[in-house]
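Worksheet for the structure shown next.
These figures come from a predicted structure and were not determined experimentally.
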There are 2 protein chains.
Amino acid sequence: MKSPSHPRDRGIPEATVARLPLYLRALHGMAERGVATVSSEDLAVAAGVNSAKLRKDLSHLGSYGTRGVGYDVEYLVYQISRELGLTQDWAVAIVGVGNLGRALAGYGGFVSRGFRIAAVFDADPEIVGDDIAGLNVEHIDELEAVIKRRGVSIVVLATPAAAAQEVCDRVVAAGVTSILNFAPVVLTVPDGVDVRKVDLSIELQILAFHEQRKAGGPLMAVDSQ
Amino acid sequence: MKSPSHPRDRGIPEATVARLPLYLRALHGMAERGVATVSSEDLAVAAGVNSAKLRKDLSHLGSYGTRGVGYDVEYLVYQISRELGLTQDWAVAIVGVGNLGRALAGYGGFVSRGFRIAAVFDADPEIVGDDIAGLNVEHIDELEAVIKRRGVSIVVLATPAAAAQEVCDRVVAAGVTSILNFAPVVLTVPDGVDVRKVDLSIELQILAFHEQRKAGGPLMAVDSQ
DNA sequence: GTGACTTTGTGCATCGGTTCACAAAAGGAT
DNA sequence: ATCCTTTTGTGAACCGATGCACAAAGTCAC
């Protein structure tokens, strides 16, 4: 006996998960402009991907389109939001209030997607007590207590590189299993803890690599976003 | 007749390029600590990858290791730097001096890798003329002139979403072919222009997806960085 | 020089992801 | 009710990346 098609099979490919937020953003824009339904072709253009890929991605969530018509914008927004877990709100803590931490605390894109900044920490007594984007900066000593008290489940690390692993260990010990790391270090975490990293300097280095190629011999053209 | 092995074949896989900066960072750390040679195994651990992958990546640059010994740290730093184009310095411009633009302008990780912030632009007359991390904020009207005068070849977009495409068009028209985009929009660019995007909110959404899964049924463990 | 040991570089199997291309499904017109 | 048009959902081929496993190449001790 073979498995009889996988309509709502659990196990969405990682590459698909990474694109769902992109589709969601495009769909939100369309909803605002009053668009009621959209074809895979149009949505693909808006999201900057190819339409076959888009359809295959969406098919992993279920059959939410209508052949000959397209997808209902509102309904698709809801389905993707639910799949990504954005129908609940997430308490996020930011550790490290340097330039970057400050920028992240004030970044509107977080709040607008069901993420609520529940706490901001720093080790510097000069900074503790300051008001950053309406939040009181708390001392790193309070880390574990505040995380537990406010139900923080996602932590953003914006500390200096040297402090990142130690803070990481502490938040993991406090029960956090999702970390977004901006510090330029490789974090070591136990199984079951999910770390994503963003390294601004790596992105520039990749651009420099391609830029150098273009300058050297103009016979390659690259476009990836 | 078959092609007789590809020792310094041009055409390094994209996945490899994306990891080279990681290796470089680990190697810099080792050089500072006075380590002279390193095995693929040790370097792989420091960079958070598996050693077979590391060796295959390095083999794309050439045969820079010594069997039975490992890689010479200094030499490898040089080879990777050269390959990435970091032996020259790159003039970078930042457009948009909001929270994020400010943080980027002050980010030490750029300067330390051969990237020099050559200009900072904003449209707001209130901000133009301000001093950000030692740089004079210039008006966006000067964009094209300054880019050309100072030989800017990489532009970082930190503008509001609504302004990003227009600024992008202008910098491309001014001859820039490498763009790092922080605005949450899909940029349209001509062939030959390289765009990389960093979207902070997308990273959080991906974490939320996995976090939701963990909460729902604790039978999957993920770790990807 | 010989042999024991270490570590690289790579052939090969495998896997996940992308793209093509088309049958199946839905809607609208007559 | 039938035909024509549109667009989805997916099977299958393809492509790039990963990881195993080992031969080749080097070092070191004697």
Side-chain angles (χ1 to χ4, degrees), chain A residues 2-20 22-23 35-73 75-76 79-80 206 222-225, chain B residues 2-20 22-23 27 35-73 75-76 79-80 206 220 222-225:
Chain A
K2 67 188 256 292
S3 51
S5 86
H6 302 235
R8 305 211 76 268
D9 192 8
R10 283 299 157 188
I12 296 180
E14 196 52 37
T16 295
V17 173
R19 280 187 297 264
L20 290 179
L22 225 56
Y23 305 152
V35 178
T37 65
V38 65
S39 70
S40 64
E41 182 58 34
D42 289 353
L43 181 53
V45 169
V49 303
N50 123 356
S51 69
K53 184 150 57 182
L54 173 90
R55 286 197 301 276
K56 185 148 287 187
D57 283 344
L58 294 185
S59 78
H60 286 116
L61 318 191
S63 267
Y64 297 141
T66 306
R67 294 172 193 233
V69 177
Y71 300 89
D72 183 277
V73 173
Y75 187 56
L76 198 50
Q79 290 298 343
I80 295 179
I206 296 171
V222 191
D223 179 338
S224 61
Q225 49 172 321
Chain B
K2 67 188 256 294
S3 51
S5 85
H6 302 235
R8 304 211 76 268
D9 192 9
R10 282 301 158 187
I12 296 179
E14 196 54 34
T16 296
V17 173
R19 280 187 297 264
L20 290 179
L22 225 55
Y23 304 152
L27 286 165
V35 178
T37 64
V38 65
S39 69
S40 63
E41 182 58 34
D42 289 353
L43 181 52
V45 169
V49 303
N50 126 353
S51 69
K53 184 150 57 181
L54 173 88
R55 288 198 299 278
K56 187 151 288 186
D57 282 344
L58 294 185
S59 78
H60 285 116
L61 320 189
S63 267
Y64 297 140
T66 306
R67 294 173 192 232
V69 177
Y71 300 88
D72 182 276
V73 173
Y75 187 56
L76 198 51
Q79 291 298 343
I80 295 179
I206 297 171
M220 63 284 289
V222 192
D223 179 339
S224 61
Q225 49 173 321

Legend entry - Rounded interatomic separation in angstrom, taking CD from Glu41(B) and P from dG9(C): 15 Å

Legend entry - Between dT8(D) (P) and Leu76(A) (CG): distance, integer Å: 11 Å

Legend entry - Between OH on residue Tyr75(A) and CD1 on residue Ile80(A), distance to nearest 0.5 Å: 12.0 Å

Inset, instruction - Mind calculating the distance between CG (Leu54(A)) and P (dT10(D)) to the nearest angstrom? - result: 14 Å

Legend entry - Contact state string [nucleotides 13-22 of chain C, B base, S sugar-phosphate only, - no protein heavy atom under 4.0 Å]: ----SSBBB-

Legend entry - Value rounded to 0.5 Å, distance of OG1 in Thr16(B) from OH in Tyr23(B): 7.0 Å

Legend entry - Euclidean distance, Tyr64(A) OH relative to Leu76(A) CG, rounded to 0.5 Å: 9.0 Å

Legend entry - Leu43(B) CG to dT7(C) P, straight-line distance once rounded to whole Å: 14 Å

Inset, instruction - May I ask you to verify if any side-chain N or O of Ser40(B) is less than 4.0 angstrom from the OP1 or OP2 atom of dT8(C)? - result: yes

Inset, instruction - Rounded to the nearest angstrom, tell me the gap between atom OH in Tyr71(B) and atom C1' in dA25(D). - result: 13 Å

Inset, instruction - Figure out the CG/P separation between Asp72(A) and dT8(D), and round it to whole Å. - result: 13 Å

Inset, instruction - Kindly say whether Asp42(B) contributes a backbone atom to a donor-acceptor pair with the side chain of Ser39(B) at under 3.5 angstrom? - result: yes

Legend entry - Residues in salt bridge (charged side-chain N to carboxylate O under 4.0 Å, His left out) contact with Arg19(A), at least two apart in sequence or another chain: Asp57(A)

Legend entry - Separation of dT7(C) C1' from Asp42(B) CG (nearest whole Å): 11 Å

Legend entry - Spacing between Arg67(A) atom CZ and dT8(D) atom C1', to the nearest angstrom: 5 Å

Inset, instruction - Return the set of residues passing side-chain contact (heavy atoms from CB on, under 4.5 Å) with Ser51(B) (not counting sequence neighbours), or none when no residue passes. - result: Ser40(B), Glu41(B), Ala44(B), Arg55(B)

